[in-house]
Amino acid sequence: MLKSSAYRSRTEIPKSVFFFFRSSSSAPRSKFHNYYLRKRRKWPHPVYKSRWHEKLSQQHAMQALRNQASSSPINLLSSLVESFALYNCDPTPNSYHFVIKTLIKTSQSHHIPSVLSHLEQFEKFETPESILIDLIEFHGQKREFQKAIELFFRSPNFRCTPSVDSLNSLLSVLCRRKEGLHVVPQVLLKSRLLNIRLEDSSFAILIEALCKFKNPKNAIGLLHHMVDHDIDIDDGSFSLILSTLCQQNNLECNEFIDLLEEMKKLGFCLNRTDWGNVIRFMFQRKKGMEALEALRKMKSDGFKPDVICYTMVLDAVIYTGEYESADQVFDEMLVMGLVPDINTYNVYVNGLCKQNKFDDGIMMITSMEEIGCKPNMITYNTLLAAICESGEVDMARDFLKHVRGKGVVLNSKMYEAMICRMVCAGDVSDALDLLEEMVRKSLVPRPSTLDEIVSSLCGNGLVSKGLDLVMEMLGKSILPGSRSWEALIVGFRIEHTFREIDLSVLE
DNA sequence: GTAGGGTTAG
């Protein structure tokens with residue numbers, strides 16, 4: 001592989017001279033290229049001139065290597081050695097970087113180890129860290145964590161003093177997968193021997209990984225470590241940990257609040273998004289008072305909550321049954337100049353329904369129309385379901401009529417709510433009319449809805465009518481639930497018993 | 001300053 005003759009000749013003749021002697025360039029030779037010039041000189045060539053020569057030779061060698069690589073990218077290490085020997089100069093770090101990158105690009109990574117051992121044994125220059133970083137990244141992509149680690153700790157062999165940059169690239173590689181993350185502590189411990197001090201950027205990588213693998217509490221542990229070692233904590237790390245905490249389904253509200261306080265003590269100043277996340281956490285767990293408190297703190301931190309924040313708080317507060325607070329929240333939102341949207345109104349209407357304020361709810365629908373916020377199916381469903389639930393059949397009927405009058409097409413939820421309420425009130429025939437209407441509109445009633453009707457029919461002695469209904473539905477591939485069958489069986493058995501009793505009386 | 005985050009009921 002090595003052209004030993006070329007090496008030998010380099011020791012005998014000054015490089016710069018050799019270069020001009022061999023150069024095939026058409027540069028004006030007459031002025032400089034005299035081979036014997038050196039002998040007649042009193043002083044050797046100035047150093048800067050040799051350096052300049054060396055650089056030029058290396059450029060030529062590099063070009064030769066590039067040409068070779070593009071025409072036939074095999075035996076690149078030999079090409080490297082030969083090209084530089086041809087121009088009688090030392091291979092540059094750049095040439096190694098080029099070879100390694102080409103090997104990776106042309107799927108010849110199996111040649112990388114021999115290039116590295118050549119670099120290790122025969123060269124003198126300090127290998128630039130960027131070469132090692134590229135290789136660590138390459139191993140990372142192939143999930144060869146052990147190789148990445150080995151390469152990193154082998155840096156001194158390449159006369160490279162690894163900095164936090166290559167440590168960070170190793171950490172990023174390891175942090176991509178859980179099994180990599182597990183060996184990070186050992187790597188960090190060992191990296192102390194290389195005198196590398198972890199920087200905030202390194203911690204950011206670790207925190208991001210811990211959050212990715214849903215371990216925000218350990219990330220908070222790292223924050224403590226950073227504070228103890230006077231390392232600045234990035235706002236992004238705080239925010240990321242917070243949003244990861246918010247995604248923890250098994251995290252209790254109290255513990256969440258404690259962890260938030262802990263982070264605040266470590267210097268966390270929540271931004272608008274962070275507060276939004278806190279409110280959403282409380283909203284999802286239906287913690288009305290805690291959501292309200294978060295809203296208050298958000299405002300005292302100088303952020304104006306938007307409609308979505310208010311809607312979430314409103315919903316949580318209503319769920320908790322704090323209707324007075326709910327009204328205050330709603331009013332406050334208006335005072336703040338925010339315009340409630342359909343979601344906000346639906347939440348509010350839901351609150352009215354929970355207080356059985358159906359008239360207010362219906363009035364609200366009218367006001368919504370007036371201010372140009374058209375009620376949607378959720379608004380109607382909420383109100384109708386609540387009215388039905390309360391047992392106010394007549395009001396439900398009126399409401400349904402009102403809704404139909406607006407040209408709203410009823411959906412199956414509305415039909416079913418109404419049917420169930422009618423059955424409860426004993427209006428089975430009206431219920432059957434509605435059932436027929438919904439089936440005609442290709443809406444499929446749930447099995448439990450059919451069960452309500454069939455049970456009611458059977459309970460009122462109309463067993464065969466119940467059976468007819470079930471058969472009719474089955475014919476349309478609409479299945480009743482088990483309660484329908486039970487009601488039918490019980491109903492027929494009772495009829496049979498009655499018949500037996502009648503007969504025995506006659507006899 | 002941005003985006004994204006929010007509504008029924010089973």
Side-chain angles (χ1 to χ4, degrees), chain A residues 235-236 239-240 242-249 256 270-288 290-292 294-295 298 302-320 323 326 329-330 332-333 336 338-358 361-362 364-365 368 373-390 396 399-400 403 408-421 438 443-452 479 481 483:
Chain A
D235 286 345
S239 296
L240 179 63
L242 176 67
S243 77
T244 312
L245 281 174
C246 290
Q247 292 160 15
Q248 302 266 288
N249 293 324
F256 175 83
L270 288 81
N271 63 25
R272 160 182 302 280
T273 309
D274 299 326
W275 277 120
N277 285 337
V278 172
I279 289 174
R280 188 152 42 91
F281 179 89
M282 303 308 179
F283 152 74
Q284 284 168 342
R285 282 154 184 78
K286 302 290 183 193
K287 296 281 186 183
E290 287 80 356
L292 202 57
L295 187 79
M298 178 179 187
F303 300 108
K304 180 183 167 184
D306 62 9
V307 174
I308 293 179
C309 287
Y310 271 105
T311 306
M312 289 190 285
V313 174
L314 192 66
D315 187 87
V317 168
I318 286 170
Y319 184 91
T320 322
Y323 302 117
V329 169
F330 194 79
E332 184 186 298
M333 175 173 50
M336 295 278 260
L338 295 169
V339 181
D341 61 15
I342 182 65
N343 294 331
T344 321
Y345 280 116
N346 284 342
V347 168
Y348 191 75
V349 167
N350 184 37
L352 293 175
C353 289
K354 288 228 155 72
Q355 301 170 75
N356 286 335
K357 293 181 174 172
F358 305 122
I362 293 167
M364 185 58 106
I365 283 187
M368 284 167 73
C373 182
K374 237 179 106 187
N376 62 12
M377 291 317 289
I378 294 178
T379 328
Y380 296 128
N381 276 345
T382 304
L383 255 169
L384 184 70
I387 296 171
C388 287
E389 186 74 22
S390 75
F399 181 68
L400 202 68
V403 172
V408 173
V409 180
L410 305 190
N411 62 20
S412 44
K413 292 268 164 13
M414 298 180 87
Y415 277 112
E416 292 187 318
M418 202 62 208
I419 288 170
C420 289
R421 178 43 51 197
M438 81 178 283
L443 297 173
V444 179
R446 285 183 294 131
S448 62
T449 307
L450 283 185
D451 290 349
E452 291 292 330
L479 301 177
R483 272 173 52 220

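None of the values given here were measured: they were computed from a predicted structure. Any value given below was found using the heavy atoms of this structure, including those in side chains, with hydrogens, waters and symmetry copies removed. Letters A, B, ... mirror the listed sequences (proteins, then strands); counts begin at 1.
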- [ ] Could you encode protein contacts along nucleotides 3-8 of chain B as a string, one character per nucleotide from 5' to 3', using B for base contact, S for sugar-phosphate-only contact and - for no contact, with a heavy-atom cut-off of under 4.0 Å?
- [x] BBBBBB
TODO: Can you tell me which residue pairs pass the salt bridge (charged side-chain N to carboxylate O under 4.0 Å, His left out) test with a partner in residues 272-282 of chain A, sequence neighbours excluded?
DONE: none
- [ ] Using ring pair (Phe, Tyr, Trp, His ring centres under 6.0 Å) as the criterion, list what pairs up with Tyr319(A), not counting sequence neighbours.
- [x] none
TODO: Using distance alone, with no hydrogens and no angle criterion, decide if Asp451(A) and Ser448(A) have a side-chain donor and acceptor under 3.5 Å apart.
DONE: no
Task: Donor + acceptor pair across side chains of Asn346(A), Asn376(A) (<3.5 Å) - done: yes
- [ ] Over 60° means perpendicular and under 30° means parallel, so classify the ring planes of Phe256(A) and Phe281(A), tilted if in between.
- [x] parallel
TODO: Quickly work out the Asn271(A) CG to dG1(B) P distance and round it to whole Å.
DONE: 14 Å
